[in-house]
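Below, chains carry the letters A, B, ... as their sequence lines are ordered, and counting in each starts from 1.
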There are 2 protein chains.
Amino acid sequence: MNVPQQIAQALQRKLQDGHYRAGENLPGQRELAEAMGVSRASLREAISMLEALGLVKSQPGKGVLVTTGQVRQHKDIPAGPFAASPQATFEFRMVLEPAAAALAARHITPEGKALLWQIQSTLEDALKNQDLVAAAEADLAFHLQVARLSGNALFHQVARSLSAPIGHSLRLPFADHLHIWETAHEHQVVTDAITQGKPEEARLGMLNHLRNAAARVGLQMDSL
Amino acid sequence: MNVPQQIAQALQRKLQDGHYRAGENLPGQRELAEAMGVSRASLREAISMLEALGLVKSQPGKGVLVTTGQVRQHKDIPAGPFAASPQATFEFRMVLEPAAAALAARHITPEGKALLWQIQSTLEDALKNQDLVAAAEADLAFHLQVARLSGNALFHQVARSLSAPIGHSLRLPFADHLHIWETAHEHQVVTDAITQGKPEEARLGMLNHLRNAAARVGLQMDSL
DNA sequence: CCGGTCAGACTGGTCTGACCAGTGGTATGG
DNA sequence: CCATACCACTGGTCAGACCAGTCTGACCGG
């Protein structure tokens, strides 16, 4: 293999390892070339390739900027004053979670079923004991688990980063003693659909659950 | 713009014009460099970029072969996203972005229309000039702008955090000069739907675009 | 003490000229 | 007629030079 290609691969590996991180600069070309035991011309060819692929960006007089290399670690979405509105949160969840539920139903495993059932029983126990904090936790765990069972890391990742605002919007509905069992029933519908491998039912069940959950905190969500 | 990038563009134009055809060799590097008025080092950087994009293949002792442009698997320089597979990325985008487009169509403003049109014209200019890097940037900008115009900060935030893998999946399809205009046409459809306030058309247009974009990088996405 | 200025040490960008290692055509000798 | 040696190509790589921006820090005047 050509020297520039080898260098390009080596650099990609370092980008992947996090050895060089997005936003940082690579070492100077002269220094880097010497460190890797190649001429600057070859190093430059390697950098040109990486630039054509959009991994780095060369800036005259400044350096070679690492533009990417991995999914940016997005900070958790804040639940404080700058939080997204409950409206926006539900709007977003009503897009994401029904799809995740449908995906989960497509390739559910025995292990996945067990996890869902376990969460469901935890939720029901909490409700029986009037333990609203534990119930809210189980509710959140359910949504995270569905995202995880989608089999797509991105759903899980985004759901995790949303857990703060989700948790916030979860606590309120449980305050209403009249409806605390509705959540469990709706979860049950989704869990059944997923464990029985019925994507469309899972999608609709989750959509319905989110719509109702929004209603329980006083939000009327338009159909999307 | 850098000399190697200019040269790379000029060569791409000649490739598209049929000035150099698949299966043929480019003129010798020394001859070509002199003909284009640059040093061989710069010419070589340009060729490295084209090779990273899969347009040509350098063969020591023989010459620089013009490839068909249809070859998808670049094993030499794996350009694959690092964290999420292309499959997962498109799966996720096909959930998120059609919804964002529909939302954007619901409350589009004159400013929003202007932004979308501007991005569209930037993309078309880039394609006319064979500036694939600029085209990929405009493509990314389009998707980010649609997420922003959804009016829901969460869509925008998540789209931004995905820009790295999205950017990856954008760059390669542009290497295929047979299909570069398809992207612009599909964007046009979505832009029209959004600016005319037609949510359902916007959703379908975006879904169609993503499905085609996936196909252009060799992925067949099941309907979700 | 503060603020502007200028020199110098960086950065990447480009070019030149050289040499190496394969490839392929061609002329030469058997 | 064929095999071989040669040579003119090809791309691959390197070292070194110079240019043009950018940033930093020392310096000087207010």
Side-chain angles (χ1 to χ4, degrees), chain A residues 1-12 14-15 19-69, chain B residues 1-12 14-15 19-68 71 74-77 129 131-134 137:
Chain A
M1 180 169 303
N2 295 336
V3 169
Q5 290 184 7
Q6 286 178 10
I7 299 301
Q9 283 192 11
L11 288 176
Q12 279 195 34
K14 290 200 176 185
L15 291 173
H19 196 285
Y20 304 131
R21 291 179 197 168
E24 290 179 358
N25 273 340
L26 256 44
Q29 291 183 351
R30 292 163 181 82
E31 175 188 347
L32 195 54
E34 188 179 5
M36 308 192 83
V38 299
S39 71
R40 193 154 82 101
S42 296
L43 205 227
R44 282 184 58 79
E45 286 195 33
I47 290 177
S48 287
M49 293 189 228
L50 298 183
E51 197 166 4
L53 295 173
L55 297 176
V56 300
K57 181 169 175 55
S58 232
Q59 296 167 311
K62 302 179 76 172
V64 176
L65 180 70
V66 178
T67 58
T68 178
Chain B
M1 176 168 304
N2 295 337
V3 169
Q5 288 183 12
Q6 285 179 9
I7 298 302
Q9 280 188 29
L11 288 176
Q12 282 189 39
K14 291 199 175 184
L15 290 174
H19 196 285
Y20 304 130
R21 293 179 195 166
E24 291 179 357
N25 273 339
L26 256 43
Q29 292 183 350
R30 291 163 181 82
E31 175 188 347
L32 195 52
E34 188 179 6
M36 308 192 84
V38 299
S39 71
R40 192 156 82 101
S42 296
L43 205 225
R44 282 183 58 78
E45 285 196 31
I47 290 177
S48 288
M49 294 191 233
L50 298 183
E51 198 167 2
L53 294 173
L55 295 175
V56 300
K57 178 171 176 55
S58 231
Q59 296 167 310
K62 302 178 77 172
V64 176
L65 180 69
V66 179
T67 66
T68 64
V71 201
H74 317 293
K75 285 157 193 160
D76 296 343
I77 301 294
N129 298 330
D131 186 344
L132 299 187
V133 172
E137 279 172 11

Just wondering, are more than 12 heavy atoms of other shown residues or ligands nearer than 6.0 Å to CD in Glu34(B)? no

Decide if atom CD of Glu24(B) counts as having more than 12 heavy atoms of other residues, nucleotides or ligands within a radius under 6.0 Å. yes

Length of the line joining Leu65(A):CG and dG13(C):P, which is rounded to integer Å: 12 Å

In whole angstroms, how far is the C1' atom of dC10(C) from the CG atom of Leu32(A)? 16 Å

Protein-proximity profile, nucleotides 4-16 of chain D, B/S/- by nucleotide at the 4.0 Å heavy-atom cutoff, equals ------BBBBBS-

Please round to the nearest 0.5 Å and tell me the distance separating atom CZ of Arg44(A) and atom OG of Ser42(B). 7.5 Å

Going by side chain to side chain contact (heavy atoms under 4.5 Å, CB included), Val56(B) matches just one of Asn25(B), Ile47(B), Leu65(B), Leu11(B). Which one? Ile47(B)

What I'd like to find out is whether the side chain of Arg40(B) reaches to under 4.5 Å of the side chain of Arg30(B), using heavy atoms alone. yes

